[in-house]
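Bear in mind the structure is a predicted one, so any value in this text is a computation, not a measurement. Each ligand, and each atom within it, is numbered from 1 in the order the structure gives.
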Amino acid sequence: MSSYIIEGGKKLQGETFVSGSKNASLPIMAASVLNRSITKLYNVPNIHDTQMMIEILKSLGCKVKKNQNKIVIDSSNITNFEIPENLMRQMRSSVIFAGAILGRYKKVTFSYPGGCDIGSRPIDLHLKGFEKLGIAVNQNFGKIKCETEEIKPTEINLDFPSVGATENIMLASVLTKGVTTIINAAMEPEIIDLQNFLNKMGAKISGAGSNIIKIQGVTKLKEVSYNIMPDRIEAGTLLCAAAITGGEINLKKVNVNHIAPLLDKLAHIGCKMQIKENEVELKAPKRLKGTDIRTMPYPGFPTDMQAIIASCLCLASGTSVIVENIFENRYKYMGELQKMGAKINIEGKTAVIKGTKKLYGTKVQATDLRGGASLVLAGLVAKGTTKVDNIEYILRGYENLDEKLKNLGAEIYKIQD
Ligand code: UD1
């Protein structure tokens, strides 16, 4: 078990940059399985989740070389069509291998994926999508076996714009004969990155970023090099870290279009910003103002930023209301913020936060990835020392978060218990 020790009260100042996107890297790494050739990926964040994807790729028979943020995957010789259960349990994105293996081999066996406990997180939309493509889906003792002679292109109407289901259907359809259409597809920027990657590999996909995606099947794919997009949630986390400490930072390598809903909220709560092409300069006010947040699928306010901005609102003036519309159980971290003095009332999917002038350092536990980051932000500004335990959750998704914060003037140390 590792922890962060944070001495609160330092204003963040200076320049930092955003790493490659976790949520774009994971499906793209899975998508490399479609290719009988070499995939070179750049700007892949060096985090636990991408390491787990490498383990899965190796377990399938791929050869993988990693050097800092570059990963080279040789998937010419896949020998295993079953994703090992112990690796499935490590993370939610393991399920995206199902679409990729199906797309290439028309058969796959896997089990229910693990990941952060932020709600029930079913995969019914993924499986319904596979069935619509003519794939037989059989479940037995927790194992899911999918198989078909031929994947049949069709029109799939998603009941909800699920990011993972959209990705899985895209991957399963890349090598079919004909056109598959996904209606009510997720519109997240990571879906566009997946489309761009697949098209660079020889696929013919259009529409990503809108709610209708068309996949024209192709017969062959080719060697590909691809640079992963910047992580919009890490960008938001670093901006909120500056905002909560009353700081002033210059954030580089950011795609400002991807974080538009957050930038609007940061302006609304009192931050002054200069927004350039790939850069945001943020100057926080002495005290932030409260606001209301409703999480929605993209281009709405992202659920992954909910916990992060919540810690800012705990110290803002006035009362803020958050409505979490995507995941049913995404307020666990708030119990930990309350231990630090936050005044929060939760009823169902609504959290009412009464801004207080001070939070107090104490021992808290990360309950999930983004909730953990929220506690780190609270620790940066709390009076005294905060110990955030269980930071394994945070290390799953943030590359060098402590180092980046330290370079901006925070007092934060990682310790091994
Ligand atoms: C992805 C992101 C995650 C983000 C989420 C929503 C990755 C690796 N993870 O997760 O960080 O919080 O999008 O933006 O990209 N649902 C069903 N049935 C399904 C699938 C989903 O009911 O088969 C529900 C989920 O329980 C949830 C909602 O749909 O309530 C959104 O889930 P989804 O968009 O699929 O999220 P993920 O792809 O798991």
Which atoms of ligand 1 have any heavy atom of Val163 under 4.0 Å away? 1 (C), 13 (O), 33 (P), 34 (O), 35 (O), 38 (O)
Value for OG1 (Thr109) from CD (Glu85), rounded to nearest 0.5 Å, stands at 11.5 Å
Taking atom NZ as the centre, does Lys106 end up with more than 12 heavy-atom neighbours from other residues, nucleotides or ligands that are less than 6.0 angstrom away? yes
Any donor and acceptor pair, going by atom type alone, linking the side chain of Glu190 with main-chain N or O of Asn23 inside 3.5 Å? no
Is there a polar contact between ligand 1 and Phe327, counting only N or O atoms under 3.5 Å apart? no
Donor-acceptor pair, distance only, cut-off 3.5 Å: does the side chain of Asn140 make one with the backbone of Lys143? no
Under 3.5 Å between some N or O of ligand 1 and some N or O of Ile326? yes
So does Asn345 have more than 12 non-hydrogen atoms from other groups sitting under 6.0 Å from CG? no
So is Gln306 touching ligand 1 or not, going by heavy atoms under 4.0 Å? no
If you count the atoms of ligand 1 from 1 in the order shown, which ones are under 4.0 Å from a heavy atom of Asp304? 3 (C), 4 (C), 11 (O), 12 (O)
Short N or O distance, Thr303 and ligand 1, threshold 3.5 Å exclusive: no
Do any nitrogen or oxygen atoms of Glu167 come within less than 3.5 Å of a nitrogen or oxygen of ligand 1? no
Pairwise side-chain contact, Leu127 with Ile135, heavy-atom cut-off 4.5 Å (strictly under): no
On a heavy-atom basis, I'd like to know which of Ser93, Ala24, Ser21, Gly397 is closest to atom 8 (C) of ligand 1. Ser93
Does Pro122 come within less than 4.0 Å of ligand 1, judged by its heavy atoms? yes
Provide the closest heavy-atom pair for Ile213 versus Ala186 in the form atom of the first, atom of the second, distance. CD1-O, 4.4 Å
Please say whether Lys22 places an N or O atom under 3.5 Å from an N or O atom belonging to ligand 1. no
Rounding to 0.5 Å, atoms CZ (Arg232) and OG (Ser21) come to a distance of 7.5 Å
Arg370 and side chain to side chain donor-acceptor pair (under 3.5 Å): which single residue from Tyr393, Tyr333, Tyr398 fits? Tyr398
With heavy atoms only and a cut-off of under 4.0 Å, state how Arg330 meets ligand 1: side chain, backbone, both or neither. side chain
Do any N or O atoms from the side chain of Glu131 and from the backbone of Leu133 form a donor-acceptor pair under 3.5 angstrom? no
Work out whether the distance between some heavy atom of Arg92 and some atom of ligand 1 is less than 4.0 Å. yes
Check: Leu125 N/O within less than 3.5 Å of ligand 1 N/O: yes
Gly164 heavy atoms within 4.0 Å reach ligand 1 at atoms 35 (O), 38 (O)
Considering Ser162, Gly300, Gly129, which one's heavy-atom position lies nearest to atom 21 (C) of ligand 1? Ser162
